[in-house]
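Before any comments, here is the structure.
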Amino acid sequence: MNKELLIDAGLRLSRLRMYPYFDICHYLITSTMVRDDILLHQTTTPNFSRRHPLSCWLSSMLLCFAGSIMSNFLLGESPIKDFQQHQHLLLASICWYLVFYSPFDLIYKLLKFMPIKLFVGIMKEIQRTKKIYDGVHHTMHIYPDAYIIIVIIGTVKGCAGSVMASVDRFVRGVWLPNQHEFLYPTFATKACMISAIIFTMEHYSLIKFDRELIYLCVASAFIYVKIISVFFKQYD
Amino acid sequence: MNKELLIDAGLRLSRLRMYPYFDICHYLITSTMVRDDILLHQTTTPNFSRRHPLSCWLSSMLLCFAGSIMSNFLLGESPIKDFQQHQHLLLASICWYLVFYSPFDLIYKLLKFMPIKLFVGIMKEIQRTKKIYDGVHHTMHIYPDAYIIIVIIGTVKGCAGSVMASVDRFVRGVWLPNQHEFLYPTFATKACMISAIIFTMEHYSLIKFDRELIYLCVASAFIYVKIISVFFKQYD
Amino acid sequence: MNKELLIDAGLRLSRLRMYPYFDICHYLITSTMVRDDILLHQTTTPNFSRRHPLSCWLSSMLLCFAGSIMSNFLLGESPIKDFQQHQHLLLASICWYLVFYSPFDLIYKLLKFMPIKLFVGIMKEIQRTKKIYDGVHHTMHIYPDAYIIIVIIGTVKGCAGSVMASVDRFVRGVWLPNQHEFLYPTFATKACMISAIIFTMEHYSLIKFDRELIYLCVASAFIYVKIISVFFKQYD
Ligand SMILES: [Mg+2]
Ligand SMILES: [Mg+2]
Ligand SMILES: [Mg+2]
């Protein structure tokens with residue numbers, strides 16, 4: 001009985017529509033990350049976001065759509081293919097605008113307020129799980145049995161942001177070649193990779209377990225780590 | 001009557017064959033830009049073009065075909081696809097050779113001589129308009145209704161050179177991460193973007209105006225700005 | 001009679017299966033090159049390979065599969081397409097592991113021991129010839145008569161490693177923008193280009209000579225240069 005309930009929860013979770021609410025949370029968090037990175041690395045340029053709006057916007061968009069851009073690139077597709085739907089870019093641009101230029105800096109301050117930060121963070125983790133899951137299954141249709149490619153695309157869908165960070169900083173005129181993801185992989189990157197491997201193994205029946213339960217477990221693990229990291233700033 | 005004449009002029013302009021004369025002007029200007037950039041940023045390596053001919057040639061070619069390379073890349077095609085026609089690369093290589101190694105530095109000096117500079121510059125602007133127009137219409141065939149992609153490709157066709165400048169400098173061993181197009185967008189980049197938007201809007205009948213006249217207007221605007229900038233060195 | 005023998009030798013050479021023995025030699029040499037490059041450029045990070053295993057592994061894999069990644073990218077395919085066959089990546093990873101972490105550093109020391117170095121080097125040169133040959137003929141099927149693209153892909157198949165070196169170093173946190181292949185092309189790069197041109201010309205009957213003999217000549221030239229360079233450390 002209890003298990004059926006959990007399976008039902010997993011099924012609902014895996015069928016949630018990401019657009020617009022979950023995507024908004026992702027865009028808000030990503031823009032906040034860009035803003036924090038500017039504060040950290042671009043102290044010599046006060047008012048960077050007002051002086052270089054194009055660079056700031058492009059940098060945020062690159063990070064917001066990093067998963068889509070990088071996975072399309074790695075699959076040999078047009079990297080800007082997903083911009084066929086305008087609403088995503090529009091939504092991301094609005095989120096970016098609100099984070100950087102909202103009156104009284106309201107949105108940014110709200111996003112730093114603990115309960116909201118936690119809520120938005122959890123939403124983002126749910127979206128991340130979905131992206132990894134979709135990435136894995138999308139790649140399976142193109143390259144069946146190519147486990148390596150499937151795991152790479154799944155991982156990239158989940159944590160392209162951290163891989164893209166170097167390009168992103170370059171767009172903002174910051175170049176830190178000895179401070180990137182591959183040298184110091186974050187916990188998120190490793191977790192994305194493990195999740196992609198789990199989803200792949202499940203598909204090939206190497207893990208004999210309900211797909212919905214696995215989905216629920218992975219999502220819960222991401223959320224759990226998020227909560228821990230918001231409260232104790234330990235991981236990532 | 002007058003309007004018909006203008007429409008006729010616009011039609012002729014939009015049907016001009018770019019190869020070889022307009023392309024030659026583009027290649028000559030681009031090679032000159034590379035040479036000036038070497039003079040500006042590579043003062044520590046005297047005689048750079050003689051010491052590193054491969055790097056110099058590759059750098060010039062990357063800039064000459066930046067529009068083609070970048071738009072093909074962004075559309076998920078082979079970036080070197082347009083080299084199927086050898087004559088373009090051959091022509092560009094000859095222009096590069098003439099600019100860098102002509103006897104008595106004749107070609108370079110001629111290209112710095114005002115009337116010739118102006119003429120070649122105007123030719124290049126006509127070619128630029130055509131490239132943006134073709135880029136917009138080519139992309140429409142692949143991704144109809146994907147306005148964002150259409151405008152991106154149109155813009156890139158017109159001003160890829162300025163976006164490619166960082167890669168181009170890297171090939172020459174120069175790395176200036178805080179001095180690129182996205183931080184300080186040139187007037188040309190903005191103008192290319194506006195032109196791409198105008199061409200796109202016209203196609204979807206959001207601007208109700210003769211296509212030929214719009215083409216003529218855009219080309220005239222580019223030429224006007226070129227003339228101003230040659231005389232007063234104000235823009236770009 | 002003698003000629004027939006040579007033709008037969010050339011035919012056999014061109015039909016040799018590269019997997020696994022020749023590939024192993026390529027992976028071993030490439031991993032050794034990465035290790036030497038770390039010793040040369042990353043003196044500030046002692047024990048780099050143990051502190052940053054992901055970066056070290058990724059860097060080695062990028063170099064091992066540079067030819068495949070770059071040629072797929074230049075042809076507009078998925079850059080990771082060749083990972084559909086897992087055994088190559090697996091084999092390369094094992095070679096990488098052995099070179100970096102073998103007990104008593106045995107494998108690395110053996111690879112530095114002259115006769116073994118020579119043998120492995122010759123195997124790699126045979127593999128290189130095959131790669132250039134296959135690259136040229138593969139591209140001919142996709143773009144017939146596009147000589148430039150054919151020669152580019154052939155060259156890249158043979159010496160992508162040296163072009164990729166900048167990306168590879170970046171992954172390891174090293175950034176030397178004024179020390180790359182295009183500024184100081186190695187002998188190997190030039191030789192690869194000449195070989196690609198010879199193979200292309202032979203195909204279009206511009207060189208009237210037995211294909212097998214040409215193959216044998218190119219392979220011999222590569223091996224000869226390798227032997228010279230191992231003994232006298234003159235080229236490359
Ligand atoms: Mg993303
Ligand atoms: Mg161009
Ligand atoms: Mg290789």
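Just so we're on the same page: letters track the sequence lines, and every chain starts at 1.
If you measure heavy-atom distances from A/Arg172 to chain B, the contacts under 4.5 Å come from the backbone alone. Looking at B/Asn72, neither its backbone nor its side chain comes within 4.5 Å of chain A, counting heavy atoms on both sides. No part of B/Leu176 comes within reach of chain A, as not one of its non-hydrogen atoms sits under 4.5 angstrom from that chain.
Remark: A/Thr45 OG1 to B/Leu183 CG distance equals 8.5 Å, nearest 0.5 Å.
Two residues are said to be in side-chain contact when any heavy atoms from C-beta on lie closer than 4.5 Å; B/Ser166 and A/Phe170 meet this criterion.
More than 12 non-hydrogen atoms from other residues, nucleotides or ligands lie less than 6.0 angstrom from OH of B/Tyr204. The neighbour count for B/Met193 CE, taken as heavy atoms of other residues, nucleotides or ligands under 6.0 Å away, does not exceed 12. The number of heavy atoms from other shown groups lying within 6.0 Å of OH (B/Tyr19) is above 12.
Within residues 84-99 of chain A, the residues having any heavy atom under 4.5 Å from a heavy atom of chain B are, by residue number, A/Gln84, A/His86, A/Leu89. When the heavy atoms of residues 52-60 of chain A are compared with those of chain B, the residues falling under 4.5 Å are A/His52, A/Leu54, A/Ser55, A/Leu58, listed by number.
When B/Leu74, B/Ile150, B/Leu75 are compared by the number of non-hydrogen pairs under 4.5 Å with chain A, B/Leu74 comes out ahead. In terms of heavy-atom pairs under 4.5 Å with chain A, the best-connected choice from B/Phe73, B/Tyr147, B/Trp175 is B/Trp175. In terms of heavy-atom pairs under 4.5 angstrom with chain B, the leader among A/Ser78, A/Gly76, A/Pro79 is A/Ser78. Most heavy-atom pairs under 4.5 Å with chain A: of the set B/Asp145, B/Ile153, B/Ile149, this distinction falls to B/Ile149.
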Requested in this report: Show your reasoning for whether side chain to side chain contact (heavy atoms under 4.5 Å, CB included) applies to B/Ile152 and A/Ile80.
Outcome: CA-CA 9 Å; B/Ile152 291 174; A/Ile80 53 175; 4.2 Å; yes
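Aromatic ring centres of A/Phe83 and B/Tyr143: separated by at least 6.0 Å.
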